[in-house]
Amino acid sequence: MTASAAAKIKRQAAPAESADRPALLLDWYDRHRRRLPWRPLAGERADPYRVWLSEIMLQQTGVKTVGPYFEKFVARWPDVAALGRASVDDVLRMWAGLGYYSRARNLHACAVAVLRDHGGIFPDTEGGLRQLPGIGPYTAKAIAAIAFDIRTMPVDGNIERVVSRLYAVEEPLPQAKPRIQELAATLLGPARAGDSAQALMDIGSSICTPKKPACALCPLNEDCAARLLGDQETFPRKAPKKSGDLRRGAAFIVTRGDELLVRTRPEKGLLGGMTEVPGSEWLAGQDDKEALKQAPALTAISRWHRKTGVVTHVFTHFPLELVVYAATVPARTRPPDGMRWVPIATLADEALPNVMRKAIAHGLDI
DNA sequence: GAAACGTGGAC
DNA sequence: TGTCCAAGTTT
């Protein structure tokens, strides 16, 4: 067999090997990368603090949502030392509305640990990063690659989708995670690991989208297995997820002049450490009358006024329906144990999750 | 390994 | 309108 014949057979047998995917990826990134608040200009060194902060905020949260929060945080706390000296309550207040509030606690705990145990300098290894609160396997790899140019491939939801399509991975998620991690790592070149990962993320978010991917624009389209099958949208395979049962409860809006009665939720669990108005438990199959029995014990209240309609909210694992009861009490009425009065005018500064903002708006007719 | 953990946007 | 998805971690 001649050399050219052998080469032809090889091309046909293994087209994936004919393209230098890592180089294609980096070329594409240099021309099309998104400009984002936490990304340095091309060629500039990444700031580990900004990389870390953005990675924590971006966990299960969209780029567009994170933008304003990221700007607020870096304006108030320009480096990890400043954040480490802040109070958890201040951090929680700034985080309010972003969701997944344990991230905010872990963010603060991480800043404190970096300050106390590492002299205010982030560890520059994957293993060192992994030890810090709020930094799991993905985030450790992401910071290592993006901030420290360590040759490792973080795999997020975007990269999972891109890689599962590129190789037409039939195994469903989450079982396929180890396999996808391996395949993703083959897209790493000899250098610029962070840019390789961010190239895949950008492609995943703007080209290799969940619905109707724009394959014509993809630098890896020539030997994408899913595209060759004409089956792009069906990857990644995943088992259907079950939604939780509807839970019901009551929220109690008690006003004393221009002040509102609130309390702080326990540190652990749903909306941990956040501010709320007093309320009943949230249970499946609970009715209004049952929920009203759990109203705060205030003898000054002569009657509850049930507001028309309900407040609905959807959490990750269950939908919620809240009925709202309102009442007013005289000036100088003492708050029940564990509760406090806050001026309605300063509610914007409270660590109020969105479900509570909805309930308060409904109860106050705002 | 599965379940808990927020919220908003897109279709 | 309901469903899916978004730079996952913790228990």
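Order of the sequence lines fixes the chain letters, A, B, ..., with proteins taken first and strands second; residue numbering starts at 1 for each chain. Any value given below was found using the heavy atoms of this structure, including those in side chains, with hydrogens, waters and symmetry copies removed.
- Note that the first and last nucleotides of DNA chain B, 5' to 3', having any atom under 4.0 angstrom from a heavy atom of chain A are B:dA3 to B:dG8.
- The residue A:Arg357 sits apart from the nucleic acid: no heavy atom pair falls under 4.0 Å.
- Taking the six-membered ring for Trp and the full ring otherwise, the centers of A:Phe122 and A:Trp52 sit less than 6.0 Å from each other.
- Distance check on atom P: B:dG8 versus C:dT9 gives 23 Å, rounded to whole Å.
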Give each protein N/O atom lying under 3.5 Å from an N/O atom of nucleotides 2-4 of chain C, with the pair distance.
none

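- Think of A:Val112 as one node in a network of Ile, Leu, Val, Met, Phe, Trp and Tyr side chains linked at under 4.5 Å; it has no links at all.
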Could you go through nucleotides 8-11 of chain C and list every protein N or O atom that sits under 3.5 Å from one of its N or O atoms, giving the distance for each pair?
| unit_1 | atom_1 | unit_2 | atom_2 | d |
| --- | --- | --- | --- | --- |
| C:dG8 | OP1 | A:Gly157 | N | 3.2 |
| C:dG8 | OP2 | A:Gln60 | N | 2.9 |
| C:dG8 | OP2 | A:Gln60 | NE2 | 3.0 |
| C:dG8 | O3' | A:Thr139 | OG1 | 3.4 |
| C:dT9 | OP1 | A:Gly136 | N | 2.8 |
| C:dT9 | OP1 | A:Gly136 | O | 3.2 |
| C:dT9 | OP1 | A:Thr139 | N | 2.9 |
| C:dT9 | OP1 | A:Thr139 | OG1 | 2.8 |
| C:dT9 | OP2 | A:Tyr138 | N | 3.3 |
| C:dT10 | OP1 | A:Gly134 | N | 2.6 |

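- Using atom C1' as the reference point in both B:dC5 and C:dA6, the two lie 14 Å apart (nearest Å).
- Among residues two or more places apart in sequence or in another chain, the side-chain contact (heavy atoms from CB on, under 4.5 Å) test is passed with A:Asp202 by A:Trp28, A:Tyr29, A:Arg33, A:Arg34, A:Arg39.
- Across all strands shown, A:Leu107 has no heavy atoms under 4.0 Å from either base or sugar-phosphate atoms.
- Using a 4.0 Å heavy-atom cutoff across all strands shown, A:Trp38 reaches at least one base atom of the nucleic acid.
- Members clustered with A:Leu41: none, using a 4.5 Å side-chain heavy-atom cutoff among hydrophobic residues.
- For the atom pair CG of A:Asp30 and CZ of A:Arg192, the computed distance is 4.0 Å after rounding to the nearest 0.5 Å.
- Nearer to the 5' terminus of DNA chain B, by closest-nucleotide assignment, is the contact made by A:Gly269 (compared with the other of A:Asn354 and A:Gly269).
- Comparing the same atom, C1', in C:dT10 and in B:dG1 gives a spacing of 13 Å after rounding to whole Å.
- Residues satisfying the side-chain contact (heavy atoms from CB on, under 4.5 Å) test with A:Asp349, not counting sequence neighbours, are A:Thr346.
- Using a 4.0 Å heavy-atom criterion, one finds that A:Gly272 contacts no nucleic acid atom at all.
- Nucleic acid contact for A:Thr316: base, since at least one base atom lies under 4.0 Å from a heavy atom of the residue.
- Salt bridge status for A:Asp287 with A:Arg248: absent, with no side-chain N to carboxylate O gap under 4.0 Å.
- Apart from A:Tyr325 itself, the hydrophobic cluster it occupies contains A:Phe252, A:Val254, A:Leu261, A:Leu292, A:Leu298, A:Ile301, A:Trp304, A:Val310, A:Val323, A:Val329, A:Met339, A:Trp341, where clustering links Ile, Leu, Val, Met, Phe, Trp and Tyr at side-chain heavy-atom distances under 4.5 Å.
- Within 4.0 Å of A:Arg105, counting heavy atoms only, lies no atom of the nucleic acid at all.
- For the side-chain contact (heavy atoms from CB on, under 4.5 Å) test, residues two or more places apart in sequence or in another chain that qualify with A:Ser54 are A:Trp38, A:Leu58, A:Phe70.
- Rounded to an integer number of Å, the gap from CD1 of A:Ile159 to C1' of C:dC5 is 16 Å.
- With sequence neighbours left out, A:Ala184 forms a side-chain contact (heavy atoms from CB on, under 4.5 Å) with A:Met153, A:Val155, A:Ile159, A:Val163.
- The list of ring pair (Phe, Tyr, Trp, His ring centres under 6.0 Å) pairs with a residue in residues 169-223 of chain A, not counting sequence neighbours, is empty.
- If A:Gln175 and A:Val355 are placed on DNA chain B by their nearest nucleotide, the residue sitting closer to the 5' end is A:Gln175.
- Screening residues 155-167 of chain A for salt bridge (charged side-chain N to carboxylate O under 4.0 Å, His left out) gives A:Glu160-A:Lys177 as the qualifying pairs, with residues at least two apart or on separate chains.
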